Amino acid sequence: MSRAGTGGRREIAVDNRVFDLLSISIALVLAVHANHLPWWLTASPAALLAWRWWQRRQRHGRVPRWIKLPLLGLLTLAVIGSYGSIFGREPGAALAIGLLVLKAMECESTRDVRVAVSFACFALVSALLFRQNLVTTVVVALAVLPALATMRAMEPAQRPASLPRTLLPGLALLGATLPLALLAFALVPRLGSPLWGAPTPDEARTGLSDTMSPGNLTSLLIDDSPALRVSFDGAVPTRDLRYFRAYVMWDFDGRQWRRGRGSPEPAAPLEATQTITYQVTMVAPSRRRILPAMDIAMAAPPNARLLADHEVLANEPVTHSFSYGLRSALHYRLQPALDAQRRRRGLELPSGFNPRTHALAESWRMRYGNDDAAIVTAGLTLLRTGHFRYSLTPPPLGRDSADDFLFDTREGFCEHYASAFTVLMRSAGIPARVVTGYQGGYWSELGNYLLLRQSDAHAWSEVWLRGRGWVRVDPTAAARPERLSQGAAAALGTGRDWYDSPWLEGLRNHWDIVNRWWDQGVVGFDALRQRGMLTQFGIRDTSTRTMAVLIALTCALFMVLGLVWSLWQWRRRDSLREAFGVLERKLAQRGVVRRRGEGPRDYLARAARALPAQRDLLAQLSTDYLQLRYGADEASPEPLRAFRRAVREFHAARVVQ
Amino acid sequence: MRAWLQPVVLWGERRLPALTRYRRPESLPVSLHRRRIYIVPSGFGAGFALLLLTMLAGALNYANNAALLLTCLLGVASAASMLMAFRNLNGLQLSSLQASHAIAGQPVELTLRFTSTSSRDALRLDAADASQVFAMPAQGSVAVAINIATARRGWQPVPRLKIWTTWPLGMFRAWSWVHPDQRMLIWPRAEHSGPPPRVSALVTQRTRPRLGDEWAALRDYRIGDPQRHIAWKASAHHESLLVKDFAQPRGQTEWRLDWRELQGVEHEARISRLARWLGEAQAQRQRYSLWLPDNELPLDSGPLHYARCMNALAEMP
């Protein structure tokens, strides 16, 4: 028994617990946005928040306006200075968290705190616009907990709890509502086209680019994030066949290889002897149109077309996780007849570059005559036996990049090899071109798919040989066979860091299975998937109206569940009372109805007078009941059972009568 | 409640008694249940819903399914908080109610006893203009005191009570009206100043201090104290001698207060004057009696007698 406190104000001022929780919420907002904002745009609001927290500890009160207004101006200037505008994703996020911290400056009433907490929820969810992988989503979902706890803490008259414990009810609430949230997620109709501007395609391009110069793949080769997931219909191709072509590059200016103008010509003739069918999922949106395909694509998937060099080009840049099915030839003859114009293009080199490479190529041409295949072999032999080293941090190359690489530095990675080799072949009069894409990958037995990371990006050459057409030649593999069999990390040889250890890599590969499940089930759950899911339940029509009806039905179902839960009252079963109720009903059938407010003793005494035949029995029942009810705090089980038996038999006695 | 809304509500209560059945007086105990608990979103709830809609539109527009999932989660959790608000009130029982003695113009303290089988937080009680917050322990009862302003003497109904909560997130406001059919008796206000009772009413009774009277306390021995007043037994446990100190009986008077003697004074003023005299008599620990047209209270003293007299005054027509 306790007595309530005497405070009774309706608009309670915010106490320290509420402000602590609010500060934690805002700090978490800063943390989840820290990844994509400049460090000072995270550090300065964090410092400001810490100062505000300390200031409020000393003395409650709003921060005066003459501090807030300059800070607001400073924030706007900082965002404009950093991004050039206040519109867009990054500047918007920077502005939002800045405003949130400024709001914390004036949080003194519940109303202020509620506005701040709502805004914090908004800012938390907006962090998912930058990254929507599983870890980020879970982190953001957990970061919502302090916000929920803040809302709770503002309610008056609570039983006291420690700060970490105040987070638990929010967790329970989110956990309990997760099933309905998932259902709502599955049923919310997806938009066919965005209502307003989607993120511009320039932003955050990842993956391969359509130009190549020695050294520009470096950032990719150390990026372990997944690029493609491929599942095959039928047998999995061996590792040496896992080449995924993206760009075919013809034009070389002495330093950079370019894809050149996309020729509108039809795809080059292809004679395939062995084909394979597979599905590719682009995990990271590349914001480019090229779709990597296994060497070599035979036809384009829907909404894409096949270019002259069998590159697959989508009609729209890929802006979110995207899947396509393809058929490719593993053994083929591509373009057995090369026309003069293409031949000229395949031999074009900028004049005045790489004289030593030219000299070497011409010496080979003299030695081998017309045997192009022998020259290719000689080139590969040079790379294999010439003490070339694989390195992700090679020394820079000068103006004559092929000369420098082949004769001086002899150190580089796939780009250097492919570029130099192609220049060498062209110098020898063999049409050649550079191809970039992905190679190798990790075969996940558990997930039954091939995972290609950005670090599996690769560059190789294609040379045209009479009678065989374009032939894939991988000069890097010639120099460092491990590159082919074990990936870029293995080719580096020495200097493995701890985070490259095999078991960690295995862990990462297994973790990717979870990510794949997330990407397929949640991130990639678009209108098409939604329709597919509903079709399994026999719902073919997926118009907005049907979805609305489905959502309404589901909500009704869960409302019923919720109502059952909320109306369920936990009552302790009182078997003595129940037994007495049975006795009451039996007596009522014989006309002795218990009156309102009549105690058990009076009632049974009255019943005994009304039913003289069973007076003794009723008197005994009355004594027993009173003894059980009032004799002790808790009725002992044995007499209780006896009483219930007696009540049951009382019924039997009546039948006899 | 806003002034312009009041006539509408009154009309509604008159025309649609079924809607307002639970706002009429009823006898205690009263349990809150689903038929008498009402829920609406609070302003904050409406604002948060708007924010969730914005988030939903943004997530759909950018085809961002992770944000959509989280928005759904927040939305469903907010909706579930409605059920929690309901559950916070459902099953709460107002078992008894007690009003303190109060004088017209001063607030009366109502003590309400709530019982519940489960624990509850952040319950609020509104009565007239006063409000109070309280929490319930599991399997327990709580006495909530609330002060209600009074204006005039006599029997007054207990005002309609509103029990409400915005637990747990403040997004929904659940409330229930309870109107106990109990009255509280407000005592009349005493006049500030006025004439003392007429001398004839004061019957002075000289009594001399008699030995054997109840002694009031023990005090240290002073030279000159009679020997037989020394408390020998008590002194045995003490360092110095102790003496039984007897209450010094003052001139004990009997105040016979009479309604009839205040002829020519206005009705309420008579009551105020009697109330003042009663107060003075009580303060001076006199013995007093009270004669009223329909009630006569014999000579007596003590707080109980005072309360009886004041009750009688308060009940005057």
Side-chain angles (χ1 to χ4, degrees), chain A residues 1-8 10 110 114-115 118 121-122 124-126 128-129 132-133 136-137 140-141 144 148 151-152 154-159 169 173-174 176-178 180-182 184-185 188 190-191 194-196 198-199 320 522-526 562-563 565-567 569-572, chain B residues 33-34 44 47-48 51-52 54-77 79-84 86-87 90-91 117-119 121-125 130-135 137 140-146 165-171:
Chain A
M1 204 175 284
S2 62
R3 204 169 169 85
T6 49
R10 189 163 290 189
T110 48
R114 280 178 171 155
V115 170
S118 310
C121 288
F122 183 80
L124 278 174
V125 173
S126 72
L128 294 172
L129 290 181
Q132 45 173 335
N133 60 21
T136 313
T137 311
V140 169
V144 167
L148 291 178
M151 295 180 197
R152 259 175 96 94
M154 278 184 286
E155 296 296 314
Q158 295 181 38
R159 283 159 293 159
L173 180 64
L174 289 189
T177 52
L178 188 61
L180 180 56
L182 284 175
F185 168 76
V188 170
R190 303 302 199 269
L191 294 178
L195 294 174
W196 67 88
H320 42 266
V522 178
V523 176
F525 192 84
D526 51 7
L563 276 180
W565 170 78
S566 55
L567 291 176
Q569 297 201 358
W570 301 100
R571 279 216 189 84
R572 281 217 340 236
Chain B
H33 54 77
R34 66 181 192 282
F44 171 56
F48 199 77
L51 189 82
L52 283 174
T54 316
M55 276 151 68
L56 182 75
L60 283 176
N61 187 64
Y62 293 117
N64 191 313
N65 277 341
L68 181 64
L69 180 62
L70 225 67
T71 307
C72 288
L73 191 60
L74 273 179
V76 175
S81 80
M82 174 172 70
L83 296 176
M84 294 176 79
F86 169 79
R87 247 185 102 89
N90 190 26
T117 50
S118 54
S119 58
D121 288 291
L123 293 165
R124 303 168 193 238
L125 174 73
S131 61
Q132 184 64 275
V133 295
F134 63 104
S141 72
V142 161
V144 183
I146 190 165
T165 184
T166 53
W167 183 257
L169 299 181
M171 295 182 192

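Atoms considered below: every heavy atom in the structure, side chains included; atoms not considered: hydrogens, waters and symmetry mates. Please read these numbers as outputs of a predicted model, since none were measured by experiment.
Of the atoms belonging to B:Thr166, heavy atoms from both backbone and side chain fall under 4.5 Å from chain A. Interface residue B:Leu70: only side-chain heavy atoms are found under 4.5 Å from chain A. For B:Leu52, no part lies under 4.5 angstrom from a heavy atom of chain A. Of the two parts of A:Val140, the backbone and the side chain both hold a non-hydrogen atom closer than 4.5 Å to a non-hydrogen atom of chain B.
When all heavy atoms of B:Leu83 and A:Gly562 are compared, the pair lying nearest together is CD1-CA, 3.4 Å. What you find for A:Val125 and B:Met55 is that their closest heavy atoms are CG2-CE, 3.4 Å. Nearest heavy atom pair, residue B:Ala66 against residue A:Thr137, reads CB-OG1, 3.5 Å. Minimum interatomic distance between B:Ala135 and A:Ala157 (heavy atoms only, all atoms of both residues): CB-O, 3.5 Å.
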Step-by-step side-chain contact (heavy atoms from CB on, under 4.5 Å) determination, A:Leu182 to B:Leu69: CA-CA 7 Å; A:Leu182 284 175; B:Leu69 180 62; 3.6 Å; yes
Checking side-chain contact (heavy atoms from CB on, under 4.5 Å) for the pair A:Arg114/B:Met171: CA distance, chi angles, key distance, verdict? CA-CA 10 Å; A:Arg114 280 178 171 155; B:Met171 295 182 192; over 6 Å; no
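The distance from atom CG of B:Leu74 to atom CG of A:Leu124, rounded to the nearest 0.5 Å, is 9.0 Å. Atom-to-atom distance recorded for A:Leu128:CG and B:Asn65:CG is 11.0 Å, nearest 0.5 angstrom. Residue A:Glu155 holds its CD atom at 8.0 Å from CG of B:Leu169, rounded to the nearest 0.5 Å. Taken to the nearest 0.5 Å, the CG atom of A:Leu173 stands 6.0 Å off from the CE atom of B:Met84. The CD atom of A:Gln158 lies 4.0 Å from the CH2 atom of B:Trp167; values are rounded to the nearest 0.5 Å. A:Gln132 CD to B:Tyr62 OH: the interatomic distance, rounded to the nearest 0.5 Å, is 13.5 Å.
In terms of non-hydrogen atom pairs under 4.5 Å with chain B, the most contact-rich of A:Leu129, A:Leu174, A:Val115 is A:Leu129. Chain B forms more heavy-atom pairs under 4.5 Å with one residue of A:Asn133, A:Val522, A:Leu148, A:Val144 than with any other, namely A:Val522. For the options B:Ser119, B:Ser81, B:Ala57, B:Ser118, heavy-atom pairs under 4.5 Å to chain A are most numerous at B:Ser119. Chosen from B:Leu68, B:Thr54, B:Thr71, B:Leu56, the residue pairing most often with chain A at heavy-atom distances under 4.5 Å is B:Leu68.
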